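Notes to accompany the following structure.
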Amino acid sequence: MVHDMKLAIFDCDGTLVDSQNLIVSAMNSAFAGVDRASLPRDRVLSIVGLSLPLAIEHLLPDAPPTEIAAVTAGYKSAFAELRADPAAHEPLYEGILDLLGWLHDHDETLLAIATGKSRRGVDRILQRFDLEGRFVAISTADEHPSKPHPSMIEHAMTTSGVAAEHTVMIGDTTFDVAMARAAGVAAIAVDWGYHPTDQLSGAGADVIVGSTDELSRELAQRWQIPERVS
């Protein structure tokens, strides 16, 4: 293990990027494809963070495997079509670009991603915002069990050589917090994503932050590194 390095692992949807409109629209389209009524927006967003088939199982607990497979395929197709529309946009949350730049510029900090998003989806985000090469490990639902299994975090720690006591998981859902707990790393929750703060607190988040400024201060204090200059 690299004892003097620190590792910040970020979730993607709901933490780095705001994909909620695309997610809800794609899920509504997938449900329509199997003659299911749309679910409330907050219900759909509650499963963000899980790998897609597991997320749909949570939304449709009474559905047979064939219907789960059909909705999964319909969602993938609809999401790809929606994202191909020039009017579609998955913006970074306010301050994220500066936060990532600040962390990347510190010699003692490393960045990673752990997400239920596909690798292709993550690559599109990184390309769009010129973030390629910033992350030492990218763990997606394509290669790992769904959150809250600790595999994604364990892969990031193994790849980076950073020990659990110097690693933090940063995410917006209870699945991120539970994954951090399972991997034995600190869990920092953000309140601008898809799960409410009472659920994040109940899941065992070490701290909940309300802005990227708060997040940078928390990391600076935790790791004893110079604070970010806004």
Side-chain angles (χ1 to χ4, degrees), residues 8-32 38-56 59 71-104 111-135 137-144 146-147 152 156 169-176 179 188-196 200 209-212 215:
I9 307 174
F10 288 87
D11 168 57
C12 192
D13 290 327
T15 302
L16 296 179
V17 299
D18 185 356
S19 306
Q20 59 178 313
N21 290 332
L22 293 185
I23 290 170
V24 172
S25 295
M27 195 64 74
N28 288 343
S29 176
F31 273 36
S38 298
L39 293 176
R41 183 184 184 88
D42 59 349
R43 178 75 181 105
V44 173
L45 294 177
S46 74
I47 52 78
V48 174
L50 294 174
S51 297
L52 183 57
L54 183 59
I56 293 169
L59 293 176
V71 174
T72 299
Y75 177 91
K76 289 180 178 178
S77 176
F79 195 90
E81 184 176 346
L82 287 165
R83 190 165 49 194
D85 184 343
H89 186 39
E90 294 175 276
L92 291 175
Y93 285 103
E94 183 179 356
I96 288 295
L97 200 59
D98 287 342
L99 174 73
L100 295 177
W102 168 70
L103 287 169
H104 185 260
L111 302 173
I113 288 175
T115 177
K117 208 174 185 69
S118 70
R119 181 58 188 255
R120 182 170 63 177
V122 173
D123 286 344
R124 286 177 184 269
I125 294 295
L126 299 184
Q127 290 166 8
R128 179 183 300 165
F129 296 105
D130 196 24
L131 292 171
E132 295 170 293
R134 294 288 184 98
F135 300 90
I138 299 173
S139 305
T140 74
D142 295 337
E143 310 97 12
H144 294 274
S146 179
K147 299 173 183 178
M152 293 183 187
M169 176 67 208
I170 301 162
D172 68 300
T173 71
T174 58
F175 311 124
D176 297 312
M179 180 172 63
I188 299 177
V190 303
D191 75 354
W192 55 77
Y194 301 143
H195 284 189
L200 296 171
V209 298
S211 68
T212 53
L215 178 52

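What you see is a predicted model, and the numbers here were worked out from it, not measured in a lab. FYI, the numbering just counts along the sequence from 1.
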Is atom CD of Glu94 surrounded by more than 12 heavy atoms (other residues, nucleotides or ligands) closer than 6.0 Å?
no
Does any part of the side chain of Thr115, heavy atoms only, come nearer than 4.5 Å to the side chain of Leu16, both counted from C-beta?
no
Between CG on residue Leu82 and CD1 on residue Ile23, distance to nearest 0.5 Å
11.5 Å
Ala141 to Gly116 - nearest heavy-atom pair and separation:
CB-O, 3.3 Å
Do Ser29 and Glu81 touch side chain to side chain, with heavy atoms closer than 4.5 Å?
no
Does any part of the side chain of Tyr93, heavy atoms only, come nearer than 4.5 Å to the side chain of Val190, both counted from C-beta?
no
Mind listing the closest non-hydrogen atom pair of Ile47 and Ala55 along with its distance?
CD1-CB, 3.6 Å
Testing Asp13, Asp123, Asp11, Asp142 one by one against Lys117 for a side-chain hydrogen bond (donor to acceptor under 3.5 Å, both in side chains), which residue passes?
Asp13
N/O donor-acceptor pair under 3.5 Å between Ser25 side chain and Asn21 backbone:
yes
When every non-hydrogen atom of Tyr194 is compared with those of Asp172, the smallest separation belongs to N-OD2, 2.8 Å
Any donor and acceptor pair, going by atom type alone, linking the side chain of Asp98 with main-chain N or O of Gly95 inside 3.5 Å?
no
Taking the side chain as every heavy atom from C-beta outward, state whether Thr212 and Trp102 have any pair of such atoms under 4.5 Å apart.
no
Any non-hydrogen side-chain atom of Phe129 less than 4.5 Å from a side-chain atom of Leu100?
no
To the nearest 0.5 Å, what is the distance between CE on Met179 and OG1 on Thr173?
8.0 Å
Can you tell me how far apart CZ (Phe79) and CG (Leu52) are? Round to the nearest 0.5 Å.
10.0 Å
So, does Lys147 use its side chain to make a donor-acceptor pair with the main chain of Met152 at under 3.5 Å?
no
How close do Ser19 and Glu90 get, heavy atom to heavy atom, and via which atoms?
OG-OE2, 2.7 Å
Is there a side-chain contact between His104 and Leu111, using heavy atoms and a 4.5 Å cut-off?
yes
Could you report the tightest heavy-atom contact between Thr15 and Phe10, atom names first, then the distance?
CG2-CD2, 4.3 Å
Exercise: identify the closest heavy-atom pair between Ala114 and Ile9
CB-CG2, 3.7 Å
Under 3.5 Å: donor-acceptor pair, side chain of Trp192, backbone of Gly210
no
Gap separating the CD1 atom of Ile125 from the CG atom of Leu131, nearest 0.5 angstrom
9.5 Å
Once you round to the nearest 0.5 Å, how far does CG of Asp176 lie from CE of Met169?
4.0 Å
I'd like to check Met27 versus Leu59 (side-chain heavy atoms, cut-off strictly below 4.5 Å). Are they in contact?
yes
I'd like to check Thr140 versus Arg120 (side-chain heavy atoms, cut-off strictly below 4.5 Å). Are they in contact?
no
